[in-house]
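Mind looking over this structure? Questions follow.
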Amino acid sequence: MNAVFEIVLNPLFAFSVLRVSTPILFAALGALISDKAGVINIALEGIMLISALAGVIFSAISGSAFFGLFMALFFGGLVAFGLGYVSLKLKTDVILAGIAINLIASGGTVFVLFLLTGDKGISSSLASKLLPKIDIPILKSIPILGPILSGHNILTYFAFISVFLVWFLLYRTPLGLRIRAVGENEHAVDSVGISVVKTRFIALIISGVMAGFGGAYMTMGYISWFSRDMTAGRGFIALAAESMGGATPLGSMLSSLLFGFFDALSNSLQLLKIPYEFVSMLPYVATVVGLVIYTTQKTKRMHRMRIKAESKKEVL
Amino acid sequence: MTSDAVLSMEDITKVYPNGIVANKGVNFSVRTGEIHGLVGENGAGKTTLMQILFGLNQADVGKIFFNGKEIKIDSPHAAIAQGIGMVHQHFMLVPSLTVSENLVLGLEPRRGFIFDKSRGIHITQELSKKYNLKVEPDMLVRDLPVGLKQKVEILKALYRGAKILILDEPTAVLTPQEMVELFNELRQLRDEGNTIIFISHKLAEVKALCNRVTVMRAGKSQGVFNVEDVTEEDISRIMVGRDVILRVEKDVAQPKESVLKVNRLTVVNSFNKRVVDDISFSLRRGEILGVAGVEGNGQRELVEAITGFGSYGLGSILIDGEDIKQLSIKEIRDLGCSHIPEDRMSYGCAPTLSVRMNLLSYKHNRREFNRRFFLMHMSTIRDVSTELVKEYQILCTSTEQEVRCMSGGNIQKVIVAREFSDNPKLIVANQPTRGIDVGATEFIRKRLVELRDRGAAVLLVSADLNEVMELSDSFLVMYGGKINAFIEDVSNFNEEKLGQYMLGLKSQDVDEIGRALHD
Amino acid sequence: RGKTEAGTDDDGVLKIVNLINGTRGDKSFFDSSAAGMDLIEAKYDSAVLTKTIEMSYDQPNWEPTLLDIADQDWDIIIVGTWQMTEMLEEVARDNPDKRFIIYDTEVDYSLDLGNVYSILYSQNEASFVAGALATALTKSNLPLTNPDKLIGFLGGMDIPVINDFLVGYVEGARYVDPDIKIAVSYIGSFDDTAKGKEMALAQYSQGVDIGFNVAGQAGLGQLDAAKDMHRYAIGVDSDQAEFFVQTDKATADLIATSVLKHVDKSLLRAIDMHMEGKAPYGSSEILGFDEEGVGIAKNEFYMAIVPEEIRELVDEIEEKIRSGEIEVSSAFGMDSEAINELRYSISP
Amino acid sequence: MTKAQWRFEFYRTGVVIITAVLLSLLIIVLVSDMPGLAIKLFLTGPLDSLRHFGNLVEMVVPLLFTGLATTVMFTASQFNLGAEGAFFFGAIGAAFIAVNWNLPPVLHPAVAIVWGGIIGSVFCGIPGALKVKWGSSELVSSLMFNYIAFFLGLYLINYLLRDVTAGAMVSFPFANSSKLVKIIPKTRIHTGLFIAVFTVLVMGVFTYRTRWGYRIRVLGTNIEFARYSGINTTWTIVMSQVLGGFLAGMGGSIELLGMYRRFEWQTLPGYGWTGIIVAILAHNNPFYVPLAALFLAYMKIGSDIMSRSTDMPNEFVAIIQGMIIILISASSFLSKQRHKMIVREAIS
Ligand SMILES: Nc1ncnc2c1ncn2[C@@H]1O[C@H](COP(=O)(O)OP(=O)(O)OP(=O)(O)O)[C@@H](O)[C@H]1O
Ligand SMILES: Nc1ncnc2c1ncn2[C@@H]1O[C@H](COP(=O)(O)OP(=O)(O)OP(=O)(O)O)[C@@H](O)[C@H]1O
Ligand SMILES: [Mg+2]
Ligand SMILES: [Mg+2]
């Protein structure tokens with residue numbers, strides 16, 4: 001047990017929690033926006049994968065990491081647009097369309113990688129670029145906090161800033177109002193002359209761009225190349241995180257961090273005497289447990305309210 | 001086409017994806033400064049026609065002219081741009097947003113990127129003052145009573161600068177008093193030069209309010225009339241195609257022992273509101289007990305509690321002396337309780353399954369429908385459903401037809417056939433004739449009386465005052481979750497008084513209400 | 001069709017096919033195998049016809065592919081890894097006129113498989129050297145090392161081939177310093193590079209200053225982690241520094257060496273023997289340092305990173321292994337308990 | 001639906017499949033240096049030899065099970081995507097019985113398959129139970145359970161069934177009595193095919209002819225109506241997923257006992273995901289599941305054969321599959337034509 005504390009209390013551990021959480025947080029925010037608009041975006045996994053590859057390819061071609069990022073976002077938005085097209089226009093079930101896109105992404109990225117490099121495994125023969133890491137001047141020199149918070153990839157900071165941006169978008173802008181309205185009652189939106197399809201398209205594209213950030217981070221920050229199926233379920237975990245976070249920006253952030261915590265822990269815990277399979281299972285179990293706890297709390301709260309209201313009369 | 005028409009629709013035909021032809025070559029036009037009635041039986045295609053005008057639906061054939069020029073209305077956006085506003089039959093509001101947010105949605109006041117909440121509130125107040133429609137800008141829409149929701153809907157249309165205002169059955173959920181108020185407001189709007197299209201089933205209202213009226217039947221227009229030139233009887237004849245008698249002949253009830261006993265029942269909903277508040281009454285074999293009241297005053301929750309659909313906190317419900325608190329829906333049904341749900345599409349049927357499978361429903365466990373080896377007895381199921389279809393005059397191509405491809409009235413008949421064919425002891429009928437045409441209504445009402453005479457106890461919940469007054473042997477009025485009045489003798493009771501009970505302006509004293517328990 | 005003594009066709013062209021049960025691009029094992037075919041082609045040119053087929057990681061597809069290929073007119077069919085053995089045993093029995101080479105494992109010769117040549121590698125011996133090198137480095141006062149006596153091992157999965165590396169690595173490390181501690185983790189995958197990187201980072205942040213990855217593509221994550229943390233890494237199977245020279249010199253600069261499993265050279269060697277008619281079909285060979293089956297990469301980066309006296313130590317240990325003075329244990333045949341015990345004994 | 005609408009649906013599916021095939025051909029022509037051969041193998045490969053036909057059938061068998069599993073869950077409108085995990089974990093369950101027990105031939109696999117099914121049903125059932133108990137989305141938790149099944153499965157193999165003499169993390173070989181007998185020589189088609197076909201019939205009858213099937217269908221079309229009909233929705237929701245898990249677990253067991261000598265999966269085999277596609281293509285009708293499974297297997301085997309002999313990587317099938325799913329389930333694809341037809345029919 002002591003050893004676990006030792007690991008967890010090391011500032012480097014906290015640092016790695018933030019790093020591991022970043023792609024999940026991006027995708028969870030993406031999941032949040034589309035969920036608010038009433039569309040389940042199960043394609044996040046595939047979108048991340050495609051963006052990850054796009055980032056590598058275009059940063060290698062152009063020699064600019066930021067152009068790579070831009071293209072990753074572009075492809076994220078584009079694929080989300082495709083998802084929107086088939087689900088909103090062609091009326092394909094959105095879950096199925098999501099699965100299909102994941103399938104296409106998984107095979108398609110390897111296919112494209114193969115066409116470009118002759119490799120099916122990894123893109124290391126492309127000289128792709130990395131997004132910069134940022135040292136925060138004053139913060140950096142504060143003990144404990146400095147090593148935890150300073151020196152992250154620029155996208156890690158942006159991920160946490162995005163939590164605020166997404167909150168702002170959803171709750172403070174006209175677009176956010178429309179997105180929330182369309183998710184709750186599309187007829188209401190329709191009846192005031194806002195296009196339901198257009199609003200959902202916009203939400204999906206933003207969602208895709210968020211996943212695009214996650215993908216770009218995977219290949220241009222987290223590690224420095226693309227490898228097949230490298231998102232390894234992070235898109236699904238993001239869906240779980242959003243759900244666990246009660247479909248709020250802050251909640252999504254906290255549950256992404258929770259997952260990140262257990263993931264980072266699972267990376268370190270191996271050094272203790274626990275079979276690695278158990279340790280690897282930890283983040284997923286934690287997610288399910290988190291999901292259950294969240295939903296139990298919700299039902300309990302409602303139940304308590306009910307009982308209180310029913311007994312009020314008796315007291316009077 | 002009349003030359004002074006500000007807006008006209010020509011030769012409109014609309015086919016829904018399920019093959020239903022809702023409009024067939026309809027011509028329709030309105031003038032500036034008039035209130036134009038649009039009447040027709042349920043399913044005649046009124047809503048569809050107006051949705052086409054408002055861009056929520058697209059016609060397959062036909063043209064729309066505005067001030068003589070042909071226009072395309074392919075979305076509500078386009079309609080709003082032409083100054084057309086619509087108040088929908090089913091509310092189109094976002095429950096978790098506030099009144100002002102609902103009102104300005106789509107035309108949000110902004111400060112830079114930001115949605116300017118306080119301006120929204122201000123706009124709502126101004127508008128509310130200007131049109132004399134009082135609303136609370138800060139209230140969440142889900143907390144509003146229906147009457148207020150209606151006002152928000154009207155303000156929504158006005159805020160968008162509607163010159164032509166379509167009101168699709170705005171009075172269905174209002175009390176007589178609220179109605180008078182609304183009519184005054186509509187007349188004022190008309191006098192300011194707006195055009196109003198008014199859809200209603202209540203011909204008296206049409207007579208009182210409208211200048212002209214268009215009558216529809218089975219997807220076709222039957223012509224336009226000046227209201228002064230026609231009587232209510234004329235209109236209903238044109239609507240239905242024959243003379244209608246809506247009076248059901250029935251003998252005086254012979255109530256026997258009590259079947260249902262509701263004692264101090266209290267139900268609290270998930271928003272922490274006491275929706276049924278300390279209600280007691282009993283229902284006896286061989287009588288029809290009506291429950292009147294404006295929708296949303298606890299009727300639904302009462303029905304849910306009795307049928308096992310919703311849980312309740314305090315009090316008790318006894319069916320045949322058995323407390324049903326812990327019983328499942330199945331067990332309650334096994335006590336001989338049948339249930340016609342308020343919302344047939346959400347509760348009463350499985351739209352993509354066949355008529356046969358819908359007729360089976362809660363009876364699927366019965367021995368007669370099951371064979372050895374766990375197999376269902378398909379031929380019995382077929383025969384029994386064919387029989388029911390014949391007996392209840394259900395119009396369908398075969399018992400294999402999917403229910404969603406049938407008309408509303410026929411779907412209702414499927415439900416009624418299923419629920420009535422079982423020799424039920426207790427029938428809870430919630431809005432049994434809502435949204436179905438006169439013929440079917442007549443049929444269902446007669447059946448209800450028949451079942452009563454055979455000894456069933458009937459709890460009839462209806463928003464249709466006529467229905468309650470005509471069918472019930474006695475009735476309750478619900479207001480704010482409470483029983484506000486118990487009327488034992490329906491024959492000498494007038495609508496005006498009923499309206500006051502429904503609005504909570506008057507209520508009986510405890511003793512009078514206590515008679516509902518029959519002890 | 002008549003076959004000549006060495007098994008070539010009438011037209012004199014030797015047709016060789018290599019079935020990879022994965023894909024190219026792992027920068028280690030399978031790339032090395034594919035490179036073997038290039039070596040063969042380069043040496044024999046028009047005398048051979050070679051082809052490499054990637055069966056990918058899709059296991060159900062392997063057996064049908066092998067059967068299809070056995071039906072075609074290839075003279076020599078090459079496969080690798082233990083997962084292919086049982087299939088190969090059947091196919092080889094059904095195709096006695098064809099020659100088969102299997103590497104990194106051996107078939108069961110009690111089944112009378114006179115047409116199969118198995119190549120094993122003494123990866124434990126090469127790992128022994130790597131372990132010794134890593135320990136010497138961590139104790140040294142090179143700029144990127146720390147005083148802790150802690151090194152790392154990052155495996156793909158907890159399986160015998162990988163643990164064979166581990167066993168050698170541990171023994172080598174203890175040979176230099178009996179008190180050495182080794183952080184051991186398994187990624188649980190051979191392709192999740194991100195996870196590989198995370199785990200390597202976790203090791204480095206706990207004070208590991210030189211780590212050894214044995215995890216195929218997933219292990220590449222460790223190299224990336226080394227670059228991030230500015231620590232040393234040891235590659236596996238192929239010369240991994242070589243792969244990064246062009247695109248990412250900063251990474252290459254930190255790869256002290258790679259434990260080479262010369263699949264490429266061993267395949268060439270097998271074909272050489274085949275051409276001379278001396279290939280030992282019907283038996284297996286363990287290729288060690290002497291046969292150039294294994295080794296550690298002594299490239300420019302090794303020279304740059306490893307100080308003179310440690311290089312001498314490495315050479316000396318290599319010599320002792322060759323001469324049999326040092327005997328290295330193997331993980332094959334060890335059960336999970338024994339491996340566990342070994343791991344716990346060196347865990348930090 | 002009217003007859004004309006059925007006919008329309010039939011044509012629409014045809015158009016979708018033709019579009020998909022044309023699209024694949026287009027990609028092949030663009031990418032391949034030998035498009036002629038590639039196309040020929042892709043389209044006719046699965047039928048050009050008994051063994052290839054065998055491969056096709058071998059692939060259909062597991063897809064029937066995962067397809068049926070997903071079908072029954074989707075029929076109940078339970079979007080449980082856990083067939084993958086249940087398939088994997090069911091196979092682990094079967095592996096235990098196959099390795100450790102000693103039973104007479106027919107009984108042995110029967111017990112193993114039933115046990116695998118039971119284990120599988122636990123894995124799909126838990127997300128269902130979590131849903132009815134606490135309202136957690138079964139979609140999300142079943143996705144997580146796929147991972148949990150995978151790691152837990154690996155743990156069990158590694159610590160309880162691991163064959164230490166093998167060169168990879170695999171179980172001990174199965175007892176011969178536990179294996180499903182091969183029924184057609186030169187192929188690996190095994191008696192599991194009979195079980196699969198029988199299961200299809202049983203599930204068809206179950207769905208359309210029993211009261212449990214009735215409850216599931218009612219639940220799936222309208223849960224409120226199901227409640228109203230006195231159906232125990234909680235129980236039915238859980239049972240539909242337990243049954244789905246059972247079918248998937250059975251499938252995993254049958255695949256393992258029919259096709260493998262030991263448990264050797266190191267990754268999730270992916271049949272569960274494909275099963276979801278099968279279910280969608282079959283419009284959740286058990287009787288159409290074989291058609292859908294055959295179609296998907298045909299594409300997969302065709303492309304495997306193609307990639308073996310040409311320069312086309314078989315990953316491209318995933319692209320084609322994805323497009324087909326989208327188009328087939330696109331209810332608005334060709335909807336203009338459909339609507340025109342309906343209008344024509346209605347007005348006339
Ligand atoms: N979305 C839809 N899909 C298919 N059929 C529909 C749809 N909406 C309405 N219908 C059918 O079209 C016909 C006309 O419906 P409409 O709603 O226009 O009638 P209405 O005159 O407004 O009736 P009511 O008085 O009940 O409001 C009905 O038969 C109805 O069942
Ligand atoms: N083998 C059978 N032969 C004839 N009728 C049967 C048979 N099994 C069941 N039934 C009929 O079905 C009815 C309900 O059966 P049962 O009590 O088993 O259903 P249940 O309790 O609602 O749920 P379940 O069917 O899941 O057990 C029985 O009362 C009986 O009429
Ligand atoms: Mg209407
Ligand atoms: Mg050190």
Side-chain angles (χ1 to χ4, degrees), chain A residues 40 42 46 82-83 85-93 95-97 99-115 120 228 232-233 236-237 239-244 275-288 291-300, chain D residues 27 30-31 74 79 81 126-127 130-131 133-137 139-159 267 270 273-274 276-277 279-281 311-335:
Chain A
I40 300 178
I42 214 173
L83 176 67
Y85 186 81
V86 298
S87 65
L88 302 173
K89 289 280 191 195
L90 294 183
K91 302 267 190 290
T92 301
D93 183 296
I95 294 179
L96 308 179
I99 293 177
I101 286 181
N102 291 340
L103 200 66
I104 294 175
S106 166
T109 47
V110 177
F111 190 59
V112 169
L113 188 64
F114 172 75
L115 294 182
K120 281 186 180 178
R228 62 184 298 150
F236 297 137
I237 290 158
L239 279 178
E242 188 257 356
S243 181
M244 197 200 317
Y276 92 94
E277 294 92 344
F278 274 131
V279 172
S280 309
M281 216 159 70
L282 202 60
Y284 304 101
V285 174
T287 306
V288 172
L291 190 64
V292 168
I293 290 177
Y294 171 74
T295 37
T296 345
Q297 287 311 106
K298 208 168 69 178
T299 38
K300 252 200 206 141
Chain D
I27 297 183
L30 286 179
V31 172
F74 279 18
F79 292 98
L81 307 184
I126 293 175
L130 294 182
K131 175 178 180 164
K133 190 90 180 86
W134 289 302
S136 347
S137 148
L139 188 129
V140 172
S141 52
S142 64
L143 282 172
M144 294 299 109
F145 265 90
N146 284 339
Y147 293 99
I148 296 175
F150 174 62
F151 286 113
L152 196 60
L154 287 189
Y155 171 78
L156 293 177
I157 293 296
N158 201 357
Y159 282 84
T267 54
W273 284 109
T274 316
I276 297 173
I277 304 169
I280 299 157
L281 292 186
D311 55 350
M312 282 299 294
N314 64 358
E315 276 79 11
F316 102 108
V317 186
I319 305 176
I320 301 303
Q321 278 190 351
M323 313 238 298
I324 292 188
I325 301 165
I326 289 174
L327 291 180
I328 282 202
S329 53
S331 45
S332 294
F333 180 67
L334 297 182
S335 66

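For the numbers below, each heavy atom of this structure counts, side chains included, while hydrogens, waters and symmetry mates do not. Protein chains get the first letters and strands the later ones, always in sequence-line order, with residue 1 at the start of each. Small disclaimer: the values here were computed from a predicted structure and weren't measured.
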Note, A:M281 side chain near D:Y155 side chain (heavy atom, < 4.5 Å) = no
Pair D:F151 and A:F278, ring centroids less than 6.0 Å apart = no
How many angstroms lie between atom OG of A:S280 and atom OH of D:Y147, to the nearest 0.5 angstrom?
->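 So the gap between those two atoms works out to 13.0 Å.
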Using a 4.5 Å cut-off on heavy atoms from C-beta on, say whether the side chain of A:E277 contacts that of D:L152.
->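 Of all side-chain heavy-atom pairs linking A:E277 with D:L152, none is under 4.5 Å.
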Residue D:M312 versus chain A: region with a heavy atom under 4.5 Å = side chain
Side chain, backbone, both or neither: which part of D:L156 has a heavy atom under 4.5 Å from chain A?
->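 When you check distances to chain A, no heavy atom of D:L156 falls under 4.5 Å.
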Find the distance between CE (A:M244) and OG (D:S137) and round it off to the nearest 0.5 Å.
->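 Here the interatomic distance stands at 12.5 Å.
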Taking A:V292, A:L239, A:V285, A:T287 one by one, which has the highest count of heavy-atom pairs under 4.5 Å against chain D?
-> A:V292
What are the two closest non-hydrogen atoms of A:L103 and D:A318, and how far apart are they?
-> O-CB, 3.5 Å
Using non-hydrogen atoms only, which part of A:S243 is less than 4.5 Å away from chain D: side chain, backbone, both, or neither?
->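 Contact with chain D is through the side chain of A:S243 alone.
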With only heavy atoms counted, which part of A:F114 is less than 4.5 Å from chain D, the side chain, the backbone, both or neither?
-> side chain
With D:S136 via side chain to side chain donor-acceptor pair (under 3.5 Å) - residues at least two apart =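 Applying side chain to side chain donor-acceptor pair (under 3.5 Å) to D:S136 gives A:T295.
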Which answer fits D:I319, side chain, backbone, both or neither, if we ask what part of it has an atom under 4.5 Å from a heavy atom of chain A?
-> both
How far apart are the closest heavy atoms of D:G322 and A:A100, and which atoms are they?
-> O-CB, 3.4 Å
Part of A:A241 within contact of chain D (heavy atom distance under 4.5 Å) | neither
Value for CE (D:M144) from OH (A:Y284), rounded to nearest 0.5 Å, stands at 7.0 Å
Side chain, backbone, both or neither of D:F79 within contact of chain A (heavy atoms, under 4.5 Å) | side chain
Is the shortest heavy-atom distance from the side chain of D:P313 to the side chain of A:V110 under 4.5 Å?
->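 SC-SC contact between D:P313 and A:V110 ruled out.
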Go through the atoms of D:L139 and report whether side chain, backbone, both or neither lie under 4.5 Å from a heavy atom of chain A.
-> side chain
How about A:I40: does its CD1 atom have over 12 heavy atoms from other parts shown lying under 6.0 Å from it?
->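 Not buried by this count: 12 neighbours or fewer within 6.0 Å.
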Value rounded to 0.5 Å, distance of CD in D:E315 from CG in A:L113 = 10.0 Å
Answer yes or no: is there a side-chain heavy-atom contact under 4.5 Å between D:L81 and A:F236?
-> no
Does any non-hydrogen side-chain atom of A:I237 lie less than 4.5 Å from one of D:L143?
->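 A side-chain contact under 4.5 Å is absent here.
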Would you mind telling me which of A:L96, A:T92, A:D93 makes a side chain to side chain contact (heavy atoms under 4.5 Å, CB included) with D:I280?
-> A:L96
